[in-house]
Amino acid sequence: MAVEIVQTGAPVLRERAREVPREMFGTEELRNLVAIMVDTMRHAPGVGLAAPQIGIPLRLFVIEDRAEYHASATPQQLAERERVPVEVHTFINPKVTPVGEEKVTFVEGCLSVAGFGALVPRHREVEVSARDVDGNPFTWRVRGWPARILQHEMDHLEGALYIDRMYSRSFSTYAQLQARTEGKSAAEVLEMFGVER
Ligand code: ZN
């Protein structure tokens, strides 16, 4: 069951979300919440969704980047973004730590800032530690587009949005971005918006 996605301006998107309590792990309640989030993410469609985006201030997000979402990107764009298919994952009470100093800048959007996107710098590689729905801890080290998704979703749990980190002069409607960036390399897009590498 997909539910409505909260849009920017709503206070829940600007609060620090609470830890998922220990007693909630392994419960039907938590499984149902995750199922609703996955359905809502797929319905949008999007590559990630954090609980505050459906009005629930808990430290929990889901991600999934299906190969079919990559159809509109060129092989060069996919390679530059290090974008590869990622199966559905759930991260509860996560911690995201940058690996190394390198940052990369690409266009990013958010289901809670519907219809817009902008250039956003992110760490190229991160390590995430989290728990699954049963409370089992796991760690994942990843670079490229999945690392960007993780940083974006982690921000939601801190009450931050990409618009807090973006190059504001690149902020555009999705229609503008599509028309202006289609087939262009990352370097060309940065130059178009006057962003230094
Ligand atoms: Zn978002």
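As the structure lists them, so they are numbered: ligands from 1, and atoms in each ligand from 1. Keep in mind that what you see is a predicted model, and the values were worked out from it rather than measured.
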What side-chain donor-acceptor pairs closer than 3.5 Å can you find for residues 48-59, not counting sequence neighbours?
| from | atom 1 | to | atom 2 | distance (Å) |
| --- | --- | --- | --- | --- |
| Gln53 | OE1 | Ala50 | N | 2.9 |
| Gln53 | NE2 | Ser112 | OG | 3.0 |
| Arg59 | NH1 | Ala17 | O | 3.0 |
| Arg59 | NH1 | Leu157 | O | 3.1 |
| Arg59 | NH2 | Glu158 | OE2 | 2.4 |

Quiz item: Among Val120, Leu119, Ile163, which residue meets the side chain to side chain contact (heavy atoms under 4.5 Å, CB included) test with Glu108?
Solution: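 One option only clears the test, and that one is Val120.
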Practice problem: Return the set of protein N, O or S atoms whose distance to the Zn ion (ligand 1) is under 2.8 Å, each given as residue and atom. | Solution: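 Listed by chain and number: Cys110 SG, His152 NE2, His156 NE2.
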Quiz prompt | Heavy-atom neighbours of Arg169 CZ exceed 12 at 6.0 Å | solution =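 Result for CZ/Arg169: open.
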Self-check item: Polar contact flag, side-chain donor to acceptor under 3.5 angstrom, His70-Asp65
Solution: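 On atom types as modelled, these side chains qualify, holding a pair under 3.5 Å.
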Can I get a per-line list of side-chain donor-acceptor pairs under 3.5 Å for residues 28-38, giving both atom names and the distance, sequence neighbours left out?
| from | atom 1 | to | atom 2 | distance (Å) |
| --- | --- | --- | --- | --- |
| Arg31 | NH2 | Asp134 | OD1 | 2.5 |
| Asn32 | ND2 | Glu28 | O | 3.3 |

Exercise. Apply ring-ring contact (aromatic ring centres under 6.0 Å, His included) to Phe193 and list each qualifying residue two or more places apart in sequence or on a separate chain.
Key: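 By the ring-ring contact (aromatic ring centres under 6.0 Å, His included) rule, Phe193 matches no residue at all.
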